[in-house]
Amino acid sequence: MAETVKVKIAGIEYAIKTDESPEFTKKIAAEIDSRIKEIKKANPTSSTMQIAILVAMQYCFESKDALKKTEEIRSEIKSYLEDAANAQSERDFYKREIERMKDEAKSRTNQINLFDTSDDEA
C-alpha cells in the first residue's frame with residue numbers, strides 16, 4: 001500500500017509516495033542529502049541541479065555495477081548447482097556399481113561354495 005513520506009533533500013521538502021517503509025524512505029533521502037552536501041562542499045560554485053545529476057549518475061553507476069555482480073553470482077550459483085547435480089548423478093552411478101559388484105561377488109562366492117568339496121572329505 002503506497003504511503004506518502006515527507007523528506008528534505010538539499011533544503012527542499014518533498015512528499016514521496018512509495019510502497020517502502022517511511023524509515024527506509026527517510027534513510028535513502030538522508031543518504032542523498034548527505035551526498036549532495038558532500039559534493040556541494042567540494043564544489044561550492046556548482047548548482048544544486050548539477051550536483052543532483054552527479055549524485056543520480058553515481059547511483060546509476062552503482063546500480064549497474066550491482067546488477068552486473070548479481071548476474072555474475074547467479075551464473076556462479078548455476079554452475080555450482082550443475083556441478084552438484086553431476087556429482088550426485090555420479091555418486092548414484094557408483095552406488096549402483098558397488099551394489100552390482102557386491103551381488104556379483106556374492107554370486108561367485110555361492111558358485112565357489114557349490115564346488116567346494118573340502119567339507120565332503122572331512
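As the structure is a prediction and not an experimental result, all values here were calculated from the model.
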Original post:
Applying salt bridge (charged side-chain N to carboxylate O under 4.0 Å, His left out), which residue pairs with at least one partner in residues 8-24 are found, sequence neighbours left out?
Top reply: none

**OP:** With sequence neighbours excluded, tell me which residues meet salt bridge (Lys or Arg N to Asp or Glu O under 4.0 Å) with K102.
**Re:** E99

**OP:** Identify, with sequence neighbours excluded, every residue that meets salt bridge (Lys or Arg N to Asp or Glu O under 4.0 Å) alongside R74.
**Re:** E71

Original post:
Between atom CD of E104 and atom OG1 of T109, what is the distance when rounded to the nearest 0.5 Å?
Top reply: 10.5 Å

Subject >> Partner residues of K37 under the side-chain hydrogen bond (donor to acceptor under 3.5 Å, both in side chains) criterion, sequence neighbours left out >> reply: D33

Original post:
Taking only residues two or more places apart in sequence or in another chain, which ones pass side chain to side chain contact (heavy atoms under 4.5 Å, CB included) with I51?
Top reply: I36, I39, K40, S46, V55

Original post:
What residues form a side chain to side chain contact (heavy atoms under 4.5 Å, CB included) with A29, not counting sequence neighbours?
Top reply: V7, I9

Do any side-chain atoms of residues 79-93 form donor-acceptor pairs under 3.5 angstrom with protein atoms, and if so which ones, sequence neighbours left out?
residue : atom : partner : partner atom : Å
N86     : ND2  : E82     : O            : 3.4

**OP:** Please list, chain by chain and in numerical order, all residues satisfying salt bridge (Lys or Arg N to Asp or Glu O under 4.0 Å) with E97, sequence neighbours excluded.
**Re:** R100

Original post:
Which atom names give the shortest non-hydrogen contact between A10 and T48, and what distance separates them?
Top reply: CB-CG2, 3.8 Å

Subject >> Single-linkage hydrophobic cluster L54~I12, side-chain heavy atoms < 4.5 angstrom >> reply: yes

Just list the side-chain donor-acceptor pairs under 3.5 Å for residues 58-70, sequence neighbours left out, or say none.
residue : atom : partner : partner atom : Å
Y59     : OH   : E31     : OE2          : 2.7
E62     : OE1  : R35     : NH2          : 3.2
E62     : OE2  : R35     : NH1          : 3.2
E62     : OE2  : R35     : NH2          : 2.9
D65     : OD2  : K69     : NZ           : 3.2
T70     : OG1  : A66     : O            : 2.7

